[in-house]
Participant: 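My questions will all concern the structure given below.
Position 1 is the first residue of the sequence; numbering continues from there. All of these numbers come straight from a predicted model, not from anything done at the bench.
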Amino acid sequence: MYLAKTIAASGLRNQQMRIDTIAHNIANANTHGYKNARLDFKDALYVAGITPGPARSLEESQQKGHGLMNMAITRDFKPGPMERTERELDFAIEGEGFFSLSDPHGDVVYTRSGVFFRSVEANGIFLVNGQGLYVLDENGGRIQLPFETSKIEADVDGTLRFLDMNNNQLGQARLGIFTFRNIKGLETVGGGNFAPSPAAGQRFQVNDNITLRQGVLEGSNLNLAEEMTRVIRTQRAFQLASRALTTADEMQGIANNMRR
């Protein structure tokens, strides 16, 4: 009876985690560059009913399960819809690739969100994102703008040209756009950013295999109708596990109160 309660409790706990994942997806339905997340499960430990090895009878072939457990949260990296903004520092990548960013400590993360700003600092003007992370070029350096820059033009390969008010070119830089052998192995670190991991494999540059769009942003790839269907299915599974837990508790109560 205790095992039945344990199995039902594992179902409740994991279905609650799935609800939380879906809620996070829906909350980011309008977040630029957001990639839909899905919680996957697997069976928990199985134990042989009597003896391991070849079964001699039907009873000896039975195995006791212990419910389910969280296997992984996987991301769907298919592209989201392109939304035109006409803003000079909005960029979107058509194809597989990520903008590279760096925090003040030098840690590098990657994102599909191309909402950038100018940051005027004591040692120059830098290109940053909304979280204050520095946008990096193809060599891993911070992209710095000349002080006289009044206009920025972008080529499809990620090259940025800095122009003054008379359209004279002051300099240029090339955005560092990279991808990995296994992008589903990237770790989510918050803010729409991803960090490399051993599962992601080798990083390589993809500027020549993508198309950079200026004045355009990539929207979330969330399918709201699909997420609402998942909510209904998860609620039904949660109700079933709850009913199983209640039934197991009632049966244990009856067994404890039996008199000879």
Side-chain angles (χ1 to χ4, degrees), residues 1-48 62-81 96 98 101 103 107 109-113 130-131 133 179-201 218-253:
M1 198 63 64
Y2 175 77
L3 183 58
K5 295 172 72 173
T6 301
I7 293 173
S10 74
L12 287 172
R13 180 172 59 255
N14 285 282
Q15 293 303 331
Q16 181 61 57
M17 292 176 63
R18 173 174 277 176
I19 284 287
D20 293 341
T21 302
I22 296 172
H24 186 263
N25 286 338
I26 294 175
N28 286 279
N30 296 319
T31 300
H32 294 113
Y34 180 77
K35 300 304 176 186
N36 187 31
R38 185 186 71 228
L39 180 63
D40 295 326
F41 300 122
K42 64 179 179 180
D43 291 339
L45 179 69
Y46 275 87
V47 177
Q62 292 178 352
Q63 289 189 321
K64 297 180 181 179
H66 287 72
L68 74 161
M69 60 187 295
N70 175 16
M71 182 173 68
I73 295 181
T74 58
R75 295 275 173 180
D76 180 7
F77 282 96
K78 69 181 180 183
E96 183 180 308
F98 300 85
L101 308 171
D103 64 16
D107 296 325
V109 295
Y110 302 87
T111 184
R112 290 283 294 188
S113 176
Q131 301 162 347
L133 301 182
T179 190
F180 294 81
R181 294 294 181 189
N182 175 29
I183 59 176
K184 292 189 176 181
L186 292 172
E187 296 180 355
T188 303
V189 293
N193 302 323
F194 301 92
S197 72
E218 179 185 4
S220 168
N221 69 353
L222 179 75
N223 185 324
L224 194 56
E226 198 173 284
E227 290 303 299
M228 295 309 297
T229 302
R230 287 183 185 176
V231 168
I232 295 172
R233 289 166 50 195
T234 305
Q235 286 178 331
R236 295 292 182 268
F238 189 92
Q239 291 172 353
L240 178 61
S242 178
R243 191 176 301 118
L245 181 61
T246 301
T247 302
D249 185 64
E250 291 175 350
M251 292 174 65
Q252 186 172 22

Participant: Check whether any side-chain N or O of Asn25 sits under 3.5 Å from a backbone N or O of Ala37 as a donor-acceptor pair, and report yes or no.
Facilitator: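 Indeed, once roles are kept as given, a pair shorter than 3.5 Å links the two residues.
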
Participant: Output the distance between atom CD (Glu187) and atom CG (Asn193), rounded to the nearest 0.5 Å.
Facilitator: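 So the CD of Glu187 and the CG of Asn193 are separated by 13.0 Å.
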
Participant: Kindly compute the distance separating CE (Met17) from CG (Leu12), expressed to the nearest 0.5 Å.
Facilitator: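 So the gap between those two atoms works out to 13.5 Å.
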
Participant: For Lys78, is there any backbone N or O sitting under 3.5 Å from a side-chain donor or acceptor partner on Lys35?
Facilitator: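 Yes.
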
Participant: Nearest 0.5 Å please: distance from the OH atom of Tyr34 over to the CG atom of Asn28.
Facilitator: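 Taking OH in Tyr34 and CG in Asn28, the distance rounds to 5.0 Å.
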
Participant: Out of curiosity, Gln15 CD to Leu240 CG, how far, rounded to the nearest 0.5 Å?
Facilitator: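 Atom-to-atom, Gln15:CD and Leu240:CG are 9.5 Å apart.
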
Participant: Check step by step if side chain to side chain contact (heavy atoms under 4.5 Å, CB included) holds for Asp103 and Val109.
Facilitator: CA-CA 8 Å; Asp103 64 16; Val109 295; over 6 Å; no

Participant: Of all residues at least two apart in sequence or in a different chain, which pass the ring-ring contact (aromatic ring centres under 6.0 Å, His included) check with Phe180?
Facilitator: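 Phe180 satisfies ring-ring contact (aromatic ring centres under 6.0 Å, His included) with Tyr110 once adjacent residues are dropped.
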
Participant: If you apply the rule side chain to side chain contact (heavy atoms under 4.5 Å, CB included), what do you find for His32 with Arg112, and how did you get there?
Facilitator: CA-CA 8 Å; His32 294 113; Arg112 290 283 294 188; over 6 Å; no

Participant: Is there a donor-acceptor contact under 3.5 Å from the side chain of Thr111 to the main chain of Gly192?
Facilitator: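 It does hold such a pair.
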
Participant: Verify, without hydrogens or angle tests, whether Ser220 (side chain) and Leu222 (backbone) share a donor-acceptor contact under 3.5 angstrom.
Facilitator: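 Present.
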
Participant: Please round to the nearest 0.5 Å and tell me the distance separating atom CG of Asp76 and atom CG of Asn36.
Facilitator: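 Between Asp76 CG and Asn36 CG, I get 6.0 Å after rounding to 0.5 Å.
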
Participant: Is there a donor-acceptor pair closer than 3.5 Å between any side-chain N or O of Gln131 and the backbone N or O of Gly191?
Facilitator: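 Judged by distance alone, yes, a pair lies under 3.5 Å.
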
Participant: Take Met251 and Thr247 through the test side chain to side chain contact (heavy atoms under 4.5 Å, CB included) and record every step on the way to the result.
Facilitator: CA-CA 6 Å; Met251 292 174 65; Thr247 302; 4.0 Å; yes

Participant: Can a side-chain donor-acceptor contact be found between Asn223 and Glu227 if the only test is distance below 3.5 angstrom?
Facilitator: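 Absent: no donor and acceptor within the cut-off.
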
Participant: Between Phe98 and Ile183, is any pair of side-chain heavy atoms under 4.5 Å apart?
Facilitator: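 Result yes, sub-4.5 Å side-chain heavy-atom pair found.
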
Participant: What distance separates Leu39 CG from Gln16 CD, expressed to the nearest 0.5 Å?
Facilitator: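 Reported to 0.5 Å precision, the distance equals 11.0 Å.
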
Participant: Taking all heavy atoms of Pro196 and all of Leu186, pick out the closest pair and write down the distance.
Facilitator: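 Nearest heavy atoms, Pro196 then Leu186: CA-CD2, 3.9 Å.
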
Participant: Strictly by ring-ring contact (aromatic ring centres under 6.0 Å, His included), give each pair with a member in residues 221-251 just once, sequence neighbours left out.
Facilitator: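 Counting only pairs at least two positions apart or across chains, no ring-ring contact (aromatic ring centres under 6.0 Å, His included) contact touches residues 221-251.
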
Participant: Among all residues two or more places apart in sequence or in another chain, which pass the side-chain contact (heavy atoms from CB on, under 4.5 Å) test with Asn182?
Facilitator: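 With neighbours one apart ignored, the set is Lys184.
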
Participant: Is the side chain of Glu218 donor-acceptor paired with the backbone N or O of Gly80 at a distance under 3.5 Å, no angle test?
Facilitator: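 Looks like yes, one N/O pair under 3.5 Å.
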
Participant: Walk me through it: do Thr21 and Arg38 pass the test side chain to side chain contact (heavy atoms under 4.5 Å, CB included)?
Facilitator: CA-CA 7 Å; Thr21 302; Arg38 185 186 71 228; over 6 Å; no

